[in-house]
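Comments concern the structure below.
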Amino acid sequence: MGTLVTVAGLSKTYEVGGTSLHVLRGLDLEVQSGEMVAVVGASGVGKSTMLHLIGGLDRPESGSIDIGGARITDLSDAARVRFRNRQVGFVFQFHHLLPEFNARENVEMPMRIGGVPLAETTQRARDLLSRVGLADREEHRPGMLSGGEQQRVAVARALTMKPSLLLADEPTGDLDETTADSLHALLKDMHAEQGLTSIIATHNPRLAAACDRVFRLERGQLRLE
């Protein structure tokens, strides 16, 4: 299938109270197309930072990131936004749904931003909500949904632009064990059905064990478990 994601020499430093905090130190990673990879490590070690950089939400001090042949570290801010909208789906620990919009409208949002025709936008959102088990919740706003239901909406939203890469940052971290296990199964199923390549940062050993490979992030670098 080939390599979809190549990360080489990635470094990121934050200035905190006059002190330089070196979060990533020359980090390297290759992920094959179709792989589901887990990244584990202690809280605050830099897992979220790594995903934000790979997804183009932030820029590194040094290093390169290639996704599907595109070097996103060389893209302008505007080009990076367009790439992110079309090629990368995000699922965060906290769903970040827009509270003033219902479930369907939240799922539609990336398509509206991406200029997908309205009729297609609505149908695709409904199809995805049905697939994640929320066909009868499309008119509900986030405040009317349980935590697990809100995260299912977030999964549907992440997939609405048919991305090649899914990045999930502690997707079950705010859920109880039973709900988390249900979301694990959904992520695994959607990964296969949608032909995704997935990188999942997690503290959950069951979710990590379900992945093809597990990396541990320590001292700014990754090692295979």
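Computed over heavy atoms, backbone and side chain alike; hydrogens, waters and symmetry mates excluded.
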Requested in this report: Begin with the C-alpha distance, continue with both residues' side-chain angles, and end with the deciding distance and a verdict on side-chain hydrogen bond (donor to acceptor under 3.5 Å, both in side chains) for T160 and E108.
Outcome: CA-CA 7 Å; T160 192; E108 289 175 349; over 6 Å; no
Query raised in the report: Passes side chain to side chain contact (heavy atoms under 4.5 Å, CB included), R206 versus D181? Steps please.
Result: CA-CA 8 Å; R206 293 187 305 282; D181 286 345; 2.9 Å; yes
Report task. Dump the intermediate steps for side chain to side chain contact (heavy atoms under 4.5 Å, CB included) on D66 and T3, then the final yes or no. Result -> CA-CA 10 Å; D66 293 88; T3 302; over 6 Å; no
Report task. Before giving the answer on side chain to side chain contact (heavy atoms under 4.5 Å, CB included), spell out for Q151 and T179 the whole-Å C-alpha distance, their side-chain angles and the decisive distance to 0.1 Å. Result -> CA-CA 10 Å; Q151 199 63 313; T179 306; over 6 Å; no
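Between H96 and F92, the two ring planes are perpendicular [angle over 60°; tilted spans 30° to 60°].
Residues G41 and H203 share a closest heavy-atom pair of O-NE2, 3.1 Å. Taking all atoms of both residues into account, the shortest heavy-atom contact from I199 to V31 is CD1-CG2, 4.0 Å. Summarising the geometry of T13 relative to S20, their closest heavy-atom pair is CG2-CB, 3.9 Å, with the distance given to 0.1 Å. Minimum interatomic distance between V214 and A208 (heavy atoms only, all atoms of both residues): CG2-O, 3.3 Å. Nearest heavy-atom pair across L187 and M36 is O-CE, 3.8 Å. Closest non-hydrogen pair, P142 versus P99, comes out as CD-O, 3.8 Å.
Between the side chains of Q87 and S164, a donor-acceptor pair is found at a separation under 3.5 Å.
K12 has its side chain out of reach of L27: every pair of non-hydrogen atoms, C-beta onward, lies at least 4.5 Å apart. In this structure, the side chains of L57 and R84 come closer than 4.5 Å at one or more pairs of heavy atoms. In this structure, I72 and V88 have side chains that are not in contact, with every pair of non-hydrogen atoms separated by 4.5 Å or more. No side-chain heavy atom of V81 sits less than 4.5 Å from a side-chain heavy atom of I113. R152 places none of its side-chain heavy atoms less than 4.5 Å from the side chain of R137. Looking at heavy atoms from C-beta onward, E149 lies out of side-chain contact with V153 at the 4.5 angstrom threshold. L165 is listed as a side-chain neighbour of I54, based on a closest heavy-atom distance under 4.5 Å. With a 4.5 Å cut-off on side-chain heavy atoms, R216 and L222 do not count as touching.
Checked for salt-bridge contact, D127 and R124 miss the test: no charged N lies under 4.0 Å from a carboxylate O. Ion pair E139/R104 flagged as a salt bridge, since at least one NZ, NE, NH1 or NH2 atom sits closer than 4.0 Å to an Asp/Glu carboxylate oxygen.
The CG atom of L10 sits 9.0 Å away from atom CE of M50, with the distance rounded to the nearest 0.5 Å. Taken from OG1 in T122 to CD in E138, the straight-line distance is 9.0 Å, to the nearest 0.5 Å. With rounding to the nearest 0.5 angstrom, the OG1 atom of T6 is 8.0 Å from the CD atom of Q32. Atoms CZ and CG, from R112 and L118 in turn, are 6.5 Å apart once rounded to the nearest 0.5 Å. Taking CG of L134 as the reference point, atom CZ of R126 lies at 14.5 Å (rounded to 0.5 Å). Rounding to the nearest 0.5 Å gives a distance of 8.5 Å between OH of Y14 and CD of E61.
A donor-acceptor distance shorter than 3.5 angstrom exists from the side chain of K47 to the backbone of A42, with no hydrogens or angles considered. Remark: side-chain polar atoms of S33 are not paired, donor with acceptor, to backbone N or O of G2 under 3.5 angstrom. E105 contributes a side-chain N or O that, together with a main-chain N or O of N102, makes up a donor-acceptor pair within less than 3.5 Å. The backbone N or O of A154 lies less than 3.5 Å from no partner atom in the side chain of N106, so there is not a single donor-acceptor pair. Put simply, the side chain of T197 gets close to the backbone of G34: a donor and an acceptor are under 3.5 Å apart.
Grouping the Ile, Leu, Val, Met, Phe, Trp and Tyr side chains by contacts below 4.5 angstrom, directly or via other members, places V107 with V155. Cluster annotation: L75 and M161 are assigned to distinct hydrophobic clusters (Ile/Leu/Val/Met/Phe/Trp/Tyr, side-chain heavy-atom contacts under 4.5 Å, transitive). The hydrophobic cluster containing L53 also contains L4, counting ILVMFWY residues as joined when their side-chain heavy atoms lie under 4.5 angstrom apart, directly or transitively. Note on L21: it clusters hydrophobically with L217, by side-chain heavy-atom contacts below 4.5 Å among ILVMFWY residues. Put simply, L207 and L224 are part of two different groups of oily side chains (I, L, V, M, F, W, Y) that touch within less than 4.5 Å, one to the next.
With a 6.0 Å radius and a threshold of 12 heavy atoms from other residues, nucleotides or ligands, R59 has its CZ atom above the threshold.
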